[in-house]
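What's counted below: heavy atoms across the whole structure, side chains too, no hydrogens, waters or symmetry copies.
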Amino acid sequence: MGQIVVETSDLSKNYNGLTAVNKLNLRIEEGEVYGFLGPNGAGKTTTILMLLGLTEPTSGTVQVCGHIPQREPIKVKSLVGYLPEKVGFYEDLTAAQNLKYTAALNGLPRGEVEDKIATILAMVGLSQVADHQVNTFSRGMKQRLGIADILIKEPKLAFLDEPTVGIDPKGIDDILNIITSMSRKGITVIFCSHQLPQVQKVCTRVGIFAKGKLIAEGPVRILKQQTSQEGQYRIEIQIADPVSGLTDMIKDIKGVIDISGPPNSPLIICSADLRSQIAKTIVDSGSSLIGMKIEEYNLEEIYKKYFREE
Amino acid sequence: MYAVFYKELADHFNSKRFTILFALASLAAILAIYVATQSIRGEVSASTEFIFLKIFTISGEALPSFLFFMSLFIPIISISLGFDSISSEYSSGNLSRLLSQPIHRDAVINGKFLSGLTILSIIIVSVVAIVVGLGLRTIGVPPTSEEVLRLIVFVLISIIYGAFWMALAVLFSILFKKASTSMLSTIGLWIFFFFFMSMIASAIADAQIPLDSNSTLAMITQNAEISGTIGRISPCNLYGEAITALLVPQTASLNSAIMLISTLIEGRMLTPLPFSQSLLLVWPQLTSIIALAAICFAISYIKFMKQEIRSI
Ligand SMILES: Nc1ncnc2c1ncn2[C@@H]1O[C@H](COP(=O)(O)OP(=O)(O)O)[C@@H](O)[C@H]1O
Ligand SMILES: [Mg+2]
């Protein structure tokens, strides 16, 4: 079991009457890639700011890497990297110069800095433009420079606040890959996003935020089961030469709620995983079964479901 | 803090802004020398004391003195160095990244303020050095040690005066997210103090004690006293009075009423004061400027420390 890197208990933040974060209890272990998933205004950024010690919590407690950010901000900030939502750089300076400044602010020894910057820029794929001014960079390049800016301080924990907003699909893939390689280097990553497929792709665990509350949390797998129990399964099948009346025979299986679509490729909605029963029925009827696909609920549906309930 | 300081200093040196400001200030210095050489011969005789300081205070027929240039340029330079110091970090999205580094929050504002002040000091010292150098060549009289002393104090007061305007500009750069708003507010305040304050002061004085050809001396002095006191609300006037007292050693009092009486009654130029007396004379002005700068900086500091780092 890894160490606990982030721990909050009943963490809350009010902004003159508005509850941005409401009694949040989080425990994040070393080595995780934890997704903060939630729509805009859910309180993700506010939570990060409190974890960094940049905003005072209204109530509740926070511990990051064993330190209380409000009491030991410098300590926490030297262990934690933060890529803000709308990240910016000194536009007149080059990528390397910007990183050099961050290195200086972190008190890195001067001798090592140049080499380190070169290595890190290579890792985020910006070696070619190391000496170009940042004002020539695309949004995707700036985000990658932002990640380089985190890596330069060799953090234990990194917060990435919506790093993929406004970037083309290729750029998104690049960033997701970098996140994976950060995790491989042993950095615990908190990845903030309202884009489900991305969270699903890189995160080991996810917490769904809505209106300042953590409404569901867990490994992506478990979350799927939770909703599937009370939800439905969708089974798509393909039949080579369906006998007439097969549709009705399937409909009679206990647990099947609905069957629709053409007879050779119907879509079945059922309340349990009825794949074996359905297969048996088809084969028994004398038709041949070519394919069968059970569609799992993905996070998107979970996400939508939770937000419908809110 | 040193990392912030050095970075800001390097940025200033590389900026067009610095080049322009330096060019402007140098131009003022050269103009001042030109004015001085044009008119100094008519003003001095063998017995004139403090000839060297005259270069700084003398004004020509069309062109004002170096002191006037300084009182004009110091606020402009300070304001242009400070008006976007914090707001630019905000709007560029650098601030939250900067504040997530392991530095104290005040290191940002202190580093920025000190680097601005360093640049301002470099400009002021260079400009005065240019005037001194050219002055030595043109009039050929070296400054006495007292003149040197007065010049050093003059430079120090000028830097403190600049610090006040810079602190004000930094404050506005924290209060207003838009650099243009901050710039206009600070410049507006300066224009108000520089151009309108003395007009307002004399208007109020005239309303209280109207003067005409029959006015008694008592009324005239009272009028002058009122306008002098009100005028002192303006930091521009405080600075003007302080540097005049320093570089025109004959200034015996900064109370305009007393000055008026003494010139009216005695009808002659006063004898110069010793350095210590001049210093004593400007002490209230000096402390007022320091206090104003400190207040502006303290407010900026508190505002900045409490500010939400998110812009929305
Ligand atoms: N400085 C602030 N003052 C007032 N309300 C704020 C402030 N910052 C955030 N909020 C509010 O707090 C809520 C949560 O915001 P945020 O944490 O930015 O959400 P997210 O990052 O999930 O989009 C929002 O409703 C937002 O309007
Ligand atoms: Mg956010």
Side-chain angles (χ1 to χ4, degrees), chain A residues 13 15-16 20 40-41 45-46 48-49 51-56 67 69 72-93 97-108 110 134-135 139 142-143 145-147 149-150 152-153 155 157-159 161, chain B residues 1-20 81 84-112 114-116 119 173-174 177-179 302-312:
Chain A
K13 176 72 183 180
Y15 282 118
N16 27 355
N40 287 330
T45 304
T46 311
I48 290 181
L49 292 180
L51 293 176
L52 274 165
L54 292 178
T55 294
E56 291 282 320
H67 303 282
E72 297 178 282
I74 304 291
K75 200 92 187 205
V76 169
K77 287 189 221 167
S78 65
L79 295 169
V80 177
Y82 172 44
L83 175 62
E85 211 166 344
K86 295 182 188 106
V87 69
F89 291 90
Y90 298 101
E91 300 269 318
D92 295 342
L93 300 185
Q97 284 169 334
N98 268 290
L99 293 186
K100 211 178 274 178
Y101 184 37
T102 304
L105 290 172
N106 279 279
L108 261 58
R110 278 167 164 267
V134 175
N135 55 27
R139 176 145 179 97
K142 280 187 192 168
Q143 292 288 5
L145 184 58
I147 294 179
D149 191 61
I150 292 179
I152 195 97
K153 64 202 274 192
L157 172 66
F159 295 108
D161 198 352
Chain B
M1 192 196 82
Y2 292 110
V4 180
F5 175 74
Y6 288 129
K7 145 91 174 42
E8 292 296 324
L9 209 57
D11 279 3
H12 279 310
F13 278 125
N14 291 324
S15 66
K16 293 195 188 74
R17 198 183 294 182
F18 174 72
T19 319
I20 292 170
L81 288 173
D84 64 348
S85 53
I86 301 294
S87 57
S88 69
E89 297 284 327
Y90 244 116
S91 49
S92 66
N94 270 306
L95 193 63
S96 42
R97 208 168 50 82
L98 197 56
L99 293 180
S100 72
Q101 306 304 335
I103 51 168
H104 288 284
R105 201 168 189 166
D106 53 0
V108 175
I109 187 166
N110 292 347
K112 276 180 169 282
L114 282 184
S115 69
I119 294 291
S173 86
I174 293 171
K177 297 282 145 58
K178 268 177 74 177
I302 293 166
K303 276 273 169 208
F304 183 69
M305 295 301 273
K306 286 190 168 176
Q307 196 175 38
E308 270 293 327
I309 65 156
R310 246 180 313 177
S311 24
I312 319 154

Just do the side-chain contact (heavy atoms from CB on, under 4.5 Å) check on A:L93 and B:D11 with the steps written out, would you?
-> CA-CA 9 Å; A:L93 300 185; B:D11 279 3; 4.1 Å; yes
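Interatomic distance, CG of B:L95 versus NZ of A:K86, reported as 13.5 Å (0.5 Å rounding). Here the NZ-CD distance, from B:K306 to A:E56, works out to 11.0 Å after rounding to the nearest 0.5 Å. From A:L54, atom CG reaches atom OG of B:S100 across 6.5 Å, with rounding to the nearest 0.5 Å.
For the pair B:L99 and A:L52, the minimum side-chain heavy-atom distance is 4.5 Å or more. Side-chain contact between B:P102 and A:L105 is absent, with no heavy atoms from C-beta onward closer than 4.5 Å.
The two residues A:K77 and B:Q101 make their nearest non-hydrogen contact at CD-O, 3.3 Å.
Residue A:L83: no heavy atom, backbone or side chain, is found under 4.5 Å from chain B. Neither the backbone nor the side chain of A:K75 comes within contact range of chain B; no heavy atom of the residue lies under 4.5 Å from a heavy atom of that chain. Using a 4.5 Å cut-off between heavy atoms, A:L79 does not touch chain B at all.
Comparing B:A107, B:G93, B:S15, B:S91 by how many heavy-atom pairs each has under 4.5 Å with chain A, the most go to B:G93. For the options A:Y82, A:F159, A:Y90, A:F89, heavy-atom pairs under 4.5 Å to chain B are most numerous at A:Y90. Put simply, of A:D149, A:T102, A:V87, A:T55, the one with the most heavy-atom pairs under 4.5 Å next to chain B is A:D149.
For OH of B:Y6, the number of neighbouring non-hydrogen atoms (other residues, nucleotides, ligands) closer than 6.0 Å is 12 at most.
Under the 3.5 Å distance criterion, the side-chain polar atoms of B:R97 are matched with a main-chain donor or acceptor of A:G88.
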